[in-house]
2 protein chains.
Amino acid sequence: MGTRGAYDVRLAGQGPVDQGPGRSRVRRVTIYSVAQACGVSSSTVSRAFSRPDLVNESVRQRILTTAAEMGYRPNRSARATATGRTGMIGLVVPDITNPFLPLLVRAVQRAAGLADWSVLLVDAEGDPTAESQLITQLQGQVDGLILASPRAHPVALREAIRDLPCVLINREIAGLASVICDNSAALASIGDHLLEMGHHRVALVGGPADSWVAAQRATTVRGWASRAGVILDDLGPFEASFDGGRAAGAALLTTDATAVFAFDDVMACGVLAELARRGVTVPGERSVVGCDDVLMARMVTPSLTTVTAPTDQLGSAAVDLLDRTIDEPRAGPENRTLPGTPALRESSGPPATP
Amino acid sequence: MGTRGAYDVRLAGQGPVDQGPGRSRVRRVTIYSVAQACGVSSSTVSRAFSRPDLVNESVRQRILTTAAEMGYRPNRSARATATGRTGMIGLVVPDITNPFLPLLVRAVQRAAGLADWSVLLVDAEGDPTAESQLITQLQGQVDGLILASPRAHPVALREAIRDLPCVLINREIAGLASVICDNSAALASIGDHLLEMGHHRVALVGGPADSWVAAQRATTVRGWASRAGVILDDLGPFEASFDGGRAAGAALLTTDATAVFAFDDVMACGVLAELARRGVTVPGERSVVGCDDVLMARMVTPSLTTVTAPTDQLGSAAVDLLDRTIDEPRAGPENRTLPGTPALRESSGPPATP
DNA sequence: TTGAAAGCGCTAACAA
DNA sequence: TTGTTAGCGCTTTCAA
């Protein structure tokens, strides 16, 4: 006799159901109780939910109705033990207080929800080594991983990931799938615009030295400057924070650059604040350009010229790639690139003609 | 013979283990493989991880070592089916792009992590009715719920929560546990400070009409004003957003108030921006006070006088209460109140004497 | 289209 | 302190 047989018998009985060791919850609604109420077998109820096509339409309707009446909710854990899939993906972010990340989190959650996935968010609180530890802890708890611009060392990352399907956002590591926001065209276009307005000397405020994104953006700006024949003051690296931006603002004033590309919007806000503190006008005396287009970029005064990241597409592309990686683990890692778009606002304008 | 017996036999055999229907993953490391490698029973391995005190020290060490070597990771889903506990809590936020929430999310995650809980973050994207739906979907997936300043209707909330243990943050609903940030003392103290500096007419920029927090803060400010004998211009309600703040800024200029309490920092930033746009100086012509002390409050120019919320304590108190609610479901709901603290910055000062 | 039965990996009574 | 065993709620063969 199978284990289930005994259970069925008990369920049919009158006495209180022994919920097993250590449990004393209210009797839960399971496929068995629904099955009994419908006069069908538990397998049919199971199928009604997970393989609806395999069940007679009218029977299915009946099951769905009574299940709803009884308040049945499939037990995800049980399903997970049976199928080997948890239906969850881990989303690891380096620092949830970075205002770009909530936008990305929302995008990922939305896309994941459409594919009926839950998202386990994990915040490394700005500590790169924590990233790999947290990933290790996610092993066995999720079906796959999305790592948003991870800062951890590639070797540590690989080790932590093991053979969990994984997609990177805004970072490339050989052998792993990734979704990249390419800001080169947008930054070049903003650069050209600055040039047209009369900026012939431009500064670059570099982000952290170990940041993949910072390196990308720096390369882009340097490339544009040399192509455009613009003198570039290469400042940094700075910490990618508001205070880092203030330091950069101070450094900027030691140069003759009339415009500046900051690593991201947060730093650009720091630059704006420092310039304001010192009575330097924007865009009159200096034009300031950010990157990402976080909510704050519209809120500061003057509002920030920046590059809008395609957050929603980044999120859904990441989920999409992860989906494939999970379904076909042996397919080579796919990489996708999405362009940012320029957003010209108040912080850029023609330089004051002295 | 129990189900396990058959499995053990198979494991001991040579042929490839049938991973069950639909599965073709690499053979996973389970307590059984570890047990076999150690020459102990699977229960001992299980205990070594979940009840270490019940296992002989030396045996335990051996198990832990070989488990680590083999790369064993406990399967949370299996544990969950067996114990009826998922080890996860759901954290529902009304709108993750509200800059106060990432701080709270981090606090909750940190506290939860210490209690060995994972956090399933769910974002209602600003839609109050979505909140209850999302909560319903969490049923059977989490052991408990933390609802951060939920906006949904109490009846809908109750229905969605059912008998899931639940703790509210910054909202009170009869019968549910809650953790509240009480800003009344801090706001009154800031108010007194304004008064001392010579502000005798003050405006209140109210948040959304259906917001519990907005109602609390409004009541507090009104109470302070009447006690202090200050004329209060009661503006609003406004949308709790940057643009709502701008609208409020415009409305503020129709009054003679020299200082303003905004519902929260985001709105205060909107007020600042609108005043700046119109060439009104802060704090010279108007003083502006926010609430929450989000990161942005330090970043704007002038920096924002506000009330600092005890984010970390809110998070750990919520987790703590949830812990109790889960362990003792029949204990009455506990409520805890934590005070905010005043943060005087640049946006408040003596009114210009014309 | 359905049901019986075995099994997912783990826990926890119970007995030894 | 350890092993035996039944069971958690679900999925999925296999046979009917």
Side-chain angles (χ1 to χ4, degrees), chain A residues 1-11 17-23 25 27-35 38-60 63 72-87 140-141, chain B residues 1-11 17-23 25 27-35 38-60 63 72-87 140-141:
Chain A
M1 180 191 257
T3 48
R4 184 50 50 200
Y7 187 75
D8 278 341
V9 167
R10 283 206 329 223
L11 253 194
V17 171
D18 173 13
Q19 292 273 332
R23 257 150 282 140
R25 313 284 234 80
R27 191 206 287 206
R28 314 191 90 218
V29 183
T30 71
I31 47 170
Y32 297 100
S33 29
V34 175
C38 285
V40 296
S41 81
S42 59
S43 335
T44 306
V45 177
S46 171
R47 287 188 199 105
F49 285 96
S50 41
R51 305 290 313 273
D53 48 306
L54 297 183
V55 163
N56 180 293
E57 175 60 21
S58 66
V59 178
R60 213 189 84 220
I63 293 176
Y72 169 74
R73 292 262 129 199
N75 180 322
R76 297 264 221 152
S77 309
R79 180 176 289 181
T81 37
T83 60
R85 291 211 177 175
T86 61
Q141 202 169 176
Chain B
M1 180 191 256
T3 48
R4 183 52 51 204
Y7 187 76
D8 279 340
V9 167
R10 282 208 328 223
L11 253 194
V17 171
D18 174 13
Q19 293 273 333
R23 256 150 284 138
R25 312 284 234 83
R27 190 206 287 205
R28 314 192 89 217
V29 183
T30 72
I31 47 169
Y32 297 100
S33 29
V34 175
C38 286
V40 296
S41 82
S42 59
S43 341
T44 307
V45 177
S46 171
R47 287 188 199 105
F49 285 97
S50 40
R51 306 291 313 270
D53 48 305
L54 297 183
V55 166
N56 179 291
E57 174 60 21
S58 65
V59 178
R60 213 188 85 221
I63 293 177
Y72 169 74
R73 292 261 128 200
N75 181 322
R76 298 263 219 153
S77 309
R79 180 177 290 181
T81 37
T83 61
R85 291 210 177 175
T86 61
Q141 201 169 176

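Everything quoted here is computed from the prediction, not taken from an experiment. So you know, we letter chains A, B, ... as the sequences are listed, proteins then strands, and number each from 1. Values reported hereafter were calculated over all heavy atoms of this structure, with side chains retained and with hydrogens, waters and symmetry mates removed.
- A donor-acceptor contact under 3.5 Å is formed by the side chain of B/Y32 with the base of C/dC10.
- An OP1 or OP2 oxygen of D/dC8 is reached within less than 4.0 angstrom by no side-chain nitrogen or oxygen of B/T81.
- Of the candidate nucleotides C/dC10, C/dA12, C/dG7, C/dA12 has the atom lying nearest to any side-chain atom of B/T83.
- B/R28 has its CZ atom 9 Å from the C1' atom of C/dG9, to the nearest Å.
- Straight-line distance from the CZ atom of A/R60 to the P atom of C/dT2: 11 Å, rounded to whole Å.
- Of all heavy-atom pairs between A/T86 and A/R76, the closest is O-NH1, 4.4 Å.
- Within residues 46-54 of chain B, the residues approaching DNA chain C are B/S46, B/R47, B/S50, by heavy-atom distance under 4.0 Å.
- Which of C/dT2, C/dG9, D/dT2 sits closest to the side chain of A/V55 comes down to C/dT2.
- Comparing atom distances between the A/N56 side chain and each of D/dT4, C/dG9, C/dT2 picks out C/dT2 as nearest.
- The side chain of B/V40 has D/dG3 as its nearest neighbour among C/dT2, D/dG3, C/dC10.
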Applying side chain to side chain contact (heavy atoms under 4.5 Å, CB included) to A/T44 and A/S41, what does each step give before you reach the verdict?
CA-CA 5 Å; A/T44 306; A/S41 81; 3.3 Å; yes
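- The CD1-P distance, from A/I31 to D/dC8, rounds to 12 Å in whole Å.
- Rounding to the nearest 0.5 angstrom, the gap separating the OG atom in B/S46 from the CZ atom in B/R79 is 7.5 Å.
- In this structure, CZ of A/R76 is placed 17 Å from P of D/dG9, rounded to the nearest angstrom.
- Considering only side-chain atoms of B/A82, the nucleotide from C/dG7, D/dT4, C/dG9 that sits closest is C/dG9.
- Going from atom CD1 of B/I63 over to atom C1' of D/dT1 covers 11 Å, rounded to whole Å.
- The separation between B/R79 atom CZ and C/dC8 atom P is 19 Å, rounded to whole Å.
- Scored by the salt bridge (charged side-chain N to carboxylate O under 4.0 Å, His left out) test, B/R60 finds B/E57 as partners (sequence neighbours excluded).
- Using a 4.5 Å heavy-atom threshold, the side chains of B/Y72 and B/R28 count as separate.
- Residues A/T81 and A/A78 approach most closely at OG1-O, 2.7 Å, considering heavy atoms.
- Here B/S41 reaches the OP1 or OP2 of D/dG3: one of its side-chain N or O atoms lies under 4.0 Å away.
- Heavy atoms of B/S43 sit under 4.0 angstrom from at least one base atom.
- Of all heavy-atom pairs spanning A/A80 and B/S77, the tightest one is CB-OG, 3.3 Å.
- Screening B/I31, B/V40, B/V55, B/D53 for a side chain to side chain contact (heavy atoms under 4.5 Å, CB included) with B/R47, the sole residue that qualifies is B/V55.
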Steps toward side chain to side chain contact (heavy atoms under 4.5 Å, CB included) verdict (B/I63, B/V34):
CA-CA 7 Å; B/I63 293 177; B/V34 175; 4.2 Å; yes
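- Looking at which nucleotide of DNA chain C each of A/T44 and B/R73 is closest to, the 5′-most match is held by A/T44.
- Comparing the start and finish of the helix from C/dT1-D/dA16 to C/dA16-D/dT1, five pairs each, the helix axis swings through 30°, to the nearest 10 degrees.
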